[in-house]
Every structure is written in structure tokens, then in C-alpha cells.
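Values reported hereafter were calculated over all heavy atoms of this structure, with side chains retained and with hydrogens, waters and symmetry mates removed. First listed ligand is number 1; within each ligand, the first listed atom is number 1.
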Amino acid sequence: MNGPVLALAGGVGGAKLALGLSHVLPPRQLVIVANTGDDDVFHGLHVSPDLDTLMYTLAGLANPATGWGVVGDTFGVLDMLKRYGADSWFGLGDRDLATHIERTRLLREGRTLSEVTRYLCGKLGVKTALAPMSDDPVRTMVETDQGTLAFQDYFVKHRCEPSLRNVRFAGASKAQASPAFQNALNTAGAVVYCPSNPVVSIGPILALPGVMEHLKEFRGPMVAISPIVGDHALRGPAAKMLLELGEEVSCVGVARRLAGICDVLVVDRQDAHRVADVRAAGMDVEVMDTIMETDADKERLARELLQLVETLVES
Ligand code: FO1
């Protein structure tokens, strides 16, 4: 392959494949670009959940029970905030807070989110390149039957219960893709869409000016792993969101979203009977075991994907 793999990812689901890819590719052959539409400010601190989930996962520090946050973290600060009557619905652990304190300090000194991410990753020993999709603020806003909610309000505070009407990405039209993302779009040998929520994880990345155009004209192979298996999301609210947006909750619904910017959709063995429907949606299809429970599963899927990419390069 001529150039690194550009992996587009959201949080926990995306991080599983990102970890697998990082185990089977040398660091210079992989660039992971993370959604930052979920970012928000809590207690005056800039929190970047998807970047942190990816960073902690790659550093071997992620909480295995949740997929987000730091393993073995304690919640002393949050408990004290609760006593003061401060907002405490967003579960920030004590060690995790150190990341947000340091990130916020560096941002206030004038560093970009890309620079801060590189710095924090370096300190945690992460060798793979991890970059935010943009250094400019983009905020996912969820329009629901209970009004418009910032993404974390919808996702954590309201547990995704309000019914969705629309999703928009505030700031996206004025934001620029980060330097690492722009560079990867120009130099990557392949693009991998990690199995992340197509609406709120991949959606904000695609909403950045110029990204769709770049992907439409991208010369190398582009492959995606469906985050929907059967009629269920592997994780999180993707199925509920697609349903409420009037889209089909299946790998075919995912294919319809990515048609034109992806060559092959990898679907799970359980969805082998939908192969013709995915093709009819405008995408080629491969069947694999996509459910990643162990690190061995993550590496196996990453290897199979890279083999697929190599065969696409040769054809
Ligand atoms: N998810 C939750 O369901 N509840 C939480 O309290 C929570 C806290 C949290 C703190 C830091 C962080 O980086 C992530 C956190 N997440 C929490 C996960 C986060 O809301 C989601 O994973 C993503 O934004 C969706 O990809």
C-alpha cells in the first residue's frame, strides 16, 4: 500500500478496531482521526471524550468495563462536587480529570487541540498518530421532542431517551480539518471507517468542509465496518438514532449513508443474507466476524481488513 491507513473513528466501538489496527501496523503506517463533535466543557474544563477514549485505549489505560474513562479511576472530586450541589451527571474520574486539566491549561496557553493531543499521547506512550478531526470547535446538537440538546446532555444526562428529530453539527461549516487529517486525506493509501455511530461519530467528520469531496475523489481503497449487526447497534444509540431519523436500521442503512465515499462495507456473518441489498445500495460487500470482544478479535479483524485493502490495491 502506498501511504498510511487513515482510520476515522468515534469513541468506544471505533477504539476497538483502532487498537487492533495499531497492533498490526507500524506507527508510521496508521493515522487515527477522531470525532470531536462530542466535546464539551465541564467545570470549566475542555473534555474530548472520543479523543480520550482512543488515547486511553491505545495507551492500555481504558476502563475495560465501560470502554471510556481510566481503568481503576476513583470519583472523589465528583463526590465533593455533588456535595457542593454542582452538576455531577457527567462521570469524570479523578485521573481522567487530570487529562482535562492539562488539556485546558495547554489550550489556554494557545496550543491547538492537535498539538495538545500529540503532547498528551506522547506522555502516555502512544506511538500511533492520533488527531482530532478539527482544531476548531464543532458541537453535535441533537434536536429532540424535548428541545435541542448538546450531545453529552442527550447521551449521558438524558440517556438517549428523547426522540430524535434532527442532528446538526454547530460550527462545522466554518471549521477546518486538522492539519494531520488534511495531510492524511492527501497522502493515505487507504481509508478505514471504524465501526462507529454513522450519525454522530462519522457524521461530524464528514460535515467538515472539503472532506466529502476529498473522499469522493480518493484513489485508494475505502472500507467500512458496519456498526449495525442484525437490527442492533454493536454499542450505543446508533440503532435508535437511525430509526428515529427514518433510516433503515441494518447494514443496508449504513451502506446508504456511506455510498459514494466507501468502496466496500464489511458486514458481520449474521448479515450475510443482506449482501445483495448492500450491493443494491451502491457498495461492494465482504462478510467477516466483526464482533470484537477480546484483543485477539480486534487484531484478527484488523488483519483481515488489511488483507482486503491489499487485494483492492492489487485489483
Ligand atoms: N458516558 C456515559 O454513559 N456516562 C458518563 O458519565 C460518561 C462520562 C465520560 C467522561 C469522560 C469521557 O471521556 C467519556 C465519558 N462518557 C460517559 C462517554 C462519552 O459520553 C461517550 O463515549 C462518547 O461521547 C460517545 O462516543
Side-chain angles (χ1 to χ4, degrees), residues 7-19 32-59 61-79 81-82 86-104 113 116-117 120-121 124 126 130 132-133 137-142 149-162 164 167 169-170 193-205 227-228 233-242:
L8 305 177
V12 179
K16 289 184 178 192
L17 183 66
L19 182 69
I32 302 167
V33 167
N35 166 43
T36 53
D38 298 8
D39 289 19
D40 212 331
V41 173
F42 293 97
H43 317 292
L45 302 172
H46 183 118
V47 181
S48 293
D50 286 357
L51 273 174
D52 288 346
T53 295
L54 286 157
M55 179 174 77
Y56 295 149
T57 300
L58 294 170
L61 287 174
N63 179 344
T66 55
W68 51 266
V70 178
V71 63
D73 216 345
T74 49
F75 290 85
V77 173
L78 204 68
D79 286 345
L81 283 166
K82 227 179 269 179
D87 259 350
S88 56
W89 54 266
F90 196 65
L92 295 167
D94 298 331
R95 289 179 195 178
D96 189 25
L97 273 163
T99 303
H100 314 313
I101 291 170
E102 193 57 358
R103 173 186 293 118
T104 306
L113 188 59
V116 176
T117 304
L120 297 174
C121 282
L124 296 185
V126 174
L130 169 65
M133 64 183 198
V138 177
R139 296 293 169 264
T140 298
M141 304 302 294
V142 185
L149 301 168
F151 180 76
Q152 297 301 341
D153 278 44
Y154 165 78
F155 189 80
V156 177
K157 190 176 182 185
H158 293 271
R159 296 189 293 275
C160 307
E161 282 162 7
L164 208 67
V167 175
F169 308 114
Y193 295 87
C194 292
S196 297
N197 186 316
V199 182
V200 289
S201 296
I202 301 299
I205 301 176
I228 307 277
L234 285 174
R235 266 196 79 90
K240 180 177 185 287
M241 294 181 115
L242 286 173

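Note: R159 CZ to Y154 OH = 12.5 Å, rounded to the nearest 0.5 Å. Here the CG atom belonging to L130 is positioned 10.0 Å from the CG atom belonging to L120, to the nearest 0.5 angstrom. For the atom pair CG (N197) and CG (L242), the distance works out to 7.0 Å, reported to the nearest 0.5 Å.
For atom 9 (C) of ligand 1, the nearest non-hydrogen atom of the protein is F90 CZ, 3.3 Å. At the top of the distance list for atom 13 (O) of ligand 1, counting protein heavy atoms only, stands P49 CA, 3.3 Å. Scanning the protein for heavy atoms near atom 15 (C) of ligand 1, the closest one is W68 CE3, 3.4 Å. Of the protein's non-hydrogen atoms, G91 N, 2.8 Å is the one closest to atom 6 (O) of ligand 1.
Q152 contributes no side-chain N or O that, together with a main-chain N or O of D39, makes up a donor-acceptor pair within less than 3.5 Å.
Contact annotation: V156 has at least one heavy atom less than 4.0 Å from an atom of ligand 1.
With ligand atoms numbered from 1 in the order given, ligand 1 contributes 19 (C), 20 (O), 24 (O) to contacts under 4.0 Å with heavy atoms of Q152. Listed by number with element, the atoms of ligand 1 under 4.0 angstrom from any heavy atom of F155 are 20 (O), 21 (C).
Using a 4.0 Å cut-off between heavy atoms, D50 contacts ligand 1 through its side chain alone, with no backbone atom that close. Contacts of D96 with ligand 1, taken as heavy-atom pairs under 4.0 Å, involve the side chain alone.
Among the atoms of D38, some N or O lies under 3.5 angstrom from an N or O of ligand 1. Residue S48 has no N or O atom closer than 3.5 Å to an N or O atom of ligand 1.
Aromatic ring orientation, F90 versus F42: parallel (interplanar angle below 30°, classes split at 30° and 60°).
A salt bridge links D52 to R103: one of the charged nitrogens lies within less than 4.0 Å of a carboxylate oxygen.
L113 and P132 get closest at one heavy-atom pair: CD2-CB, 3.8 Å.
Of the residues listed (L58, T99, L61), the one engaging L124 in a side chain to side chain contact (heavy atoms under 4.5 Å, CB included) is L61, and it is the only one.
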